Every structure is written in C-alpha cells, then in structure tokens.
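This report refers to the structure that appears directly beneath it.
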Amino acid sequence: MRRTEPQTIGALFDEFFRTPDIAAKVAEGCLPDTWRDVVGNRIAEQTTRIRLERGTLFVHVQSGVVRSELMLRRAALRDALNARSRVPLVKNVIVK
C-alpha cells in the first residue's frame, strides 16, 4: 500500500515500535532497567541475574531476606513489570 501523504521519521518509528513483536523485544531489552525502577536500588543491587524465558522471569538474589520478600510479592511484581513495560511480557516470577 502506497502512502500519499508524507510522514515524519518520528511517526514512522512510533508506528514500527508499536507492532507487537517489536514492542515485546524492546521491552525485553529494557527489562533490567524496568526491574530497577519497580523494586528500587537496594533490591536491584542484591539481584545477581535476571532472565526471561517463555514468559517466566527468573531472578537470582544474594540475600535470603530479600528472596523471601520477593517470593511474597511475586504477583505484584509481575503486574508492575507488565504495567511499566506496557506489554504483557511476564507471566510468572521465580526467585532463586
């Protein structure tokens, strides 16, 4: 389909990044920053690894106290991460 009206580069980029596959990949790339925004700096410093596999977020934490706190708040973390990334990216959170 040919466009008859000229568009700005910004509008074309916005349209490109709104496609579901591209938006999910961008959100997955921003996941460490989103994690820090959701849990805060103190807990993010205790986090050693974050990885996302098939909708499951695996979080490795050094401290046992932080681990137990995150285990209790898994559903809230999932909802906050999905809301912040604007894409339903995380289905489960597993804390190790």
Side-chain angles (χ1 to χ4, degrees):
M1 175 185 244
R2 187 175 179 156
R3 297 180 189 264
T4 58
E5 297 178 13
Q7 290 187 338
T8 64
I9 295 290
L12 291 173
F13 276 135
D14 287 342
E15 183 180 332
F16 176 73
F17 285 118
R18 271 192 234 128
T19 59
D21 294 336
I22 302 298
K25 287 295 183 184
V26 170
E28 186 176 337
C30 296
L31 195 58
D33 295 331
T34 307
W35 175 257
R36 182 174 293 278
D37 291 342
V38 169
V39 298
N41 288 332
R42 297 283 258 194
I43 294 176
E45 288 171 0
Q46 295 291 320
T47 305
T48 56
R49 282 190 345 196
I50 299 173
R51 93 175 175 234
L52 185 69
E53 285 184 14
R54 289 180 247 144
T56 302
L57 180 67
F58 294 94
V59 179
H60 295 264
V61 181
Q62 294 175 348
S63 170
V65 174
V66 172
R67 184 180 306 116
S68 65
E69 180 67 27
L70 291 176
M71 289 291 287
L72 292 173
R73 305 181 83 207
R74 286 183 294 183
L77 288 171
R78 180 195 65 220
D79 295 341
L81 288 168
N82 287 336
R84 184 74 76 143
S85 65
R86 298 183 188 123
V87 177
L89 196 62
V90 179
K91 296 176 187 171
N92 278 329
V93 177
I94 296 178
V95 181
K96 294 184 177 185

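All figures in this text were calculated on a predicted structure; none of them were measured in a lab.
In the hydrophobic clustering of this structure, Val66 groups with Leu81; members are Ile, Leu, Val, Met, Phe, Trp, Tyr whose side-chain heavy atoms approach within less than 4.5 Å, directly or through other members. Trp35 and Val87 fall into different hydrophobic clusters, defined by Ile, Leu, Val, Met, Phe, Trp and Tyr side-chain heavy atoms under 4.5 Å apart, directly or through other members. Ile94 and Met71 sit in two unconnected hydrophobic clusters of ILVMFWY residues. Membership requires side-chain heavy atoms under 4.5 Å apart, directly or through other members. Linking ILVMFWY residues whenever their side-chain heavy atoms come closer than 4.5 Å, directly or via other members, places Ile9 and Val26 in the same cluster.
When each of Val39, Thr47, Thr48 is paired with Val59, the side-chain contact (heavy atoms from CB on, under 4.5 Å) condition holds for Thr47 and for no other.
The side chain to side chain donor-acceptor pair (under 3.5 Å) check on Arg73 picks up nothing, with sequence neighbours excluded. Residues meeting the salt bridge (charged side-chain N to carboxylate O under 4.0 Å, His left out) test with Arg49, sequence neighbours left out: none. A search for side chain to side chain donor-acceptor pair (under 3.5 Å) contacts involving Glu53 returns Arg51, not counting sequence neighbours.
Nearest heavy-atom pair, Leu89 versus Leu31, reported as atom, atom and distance to 0.1 Å: CD2-CD1, 4.4 Å. When all heavy atoms of Leu57 and Val90 are compared, the closest pair comes out as CB-CG1, 4.0 Å. Pairing each heavy atom of Val38 with each of Ala80, the nearest pair is CG1-CB, 3.8 Å. Across Arg78 and Asn92, no two heavy atoms sit closer than the pair CD-N, 4.4 Å. When all heavy atoms are compared, the tightest approach of Arg74 to Val93 is CD-O, 3.0 Å. Between Thr34 and Arg84 the shortest heavy-atom distance is CG2-CG, 3.5 Å.
A donor-acceptor pair shorter than 3.5 Å can be found between the side chains of Arg36 and Asn41.
A donor-acceptor pair is defined here as one N or O able to donate and one able to accept, closer than 3.5 Å; no such pair exists between the side chain of Thr19 and the backbone of Asp21.
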So Thr56 and Lys91, side-chain contact (heavy atoms from CB on, under 4.5 Å) or not? Walk me through it. CA-CA 6 Å; Thr56 302; Lys91 296 176 187 171; 5.7 Å; no
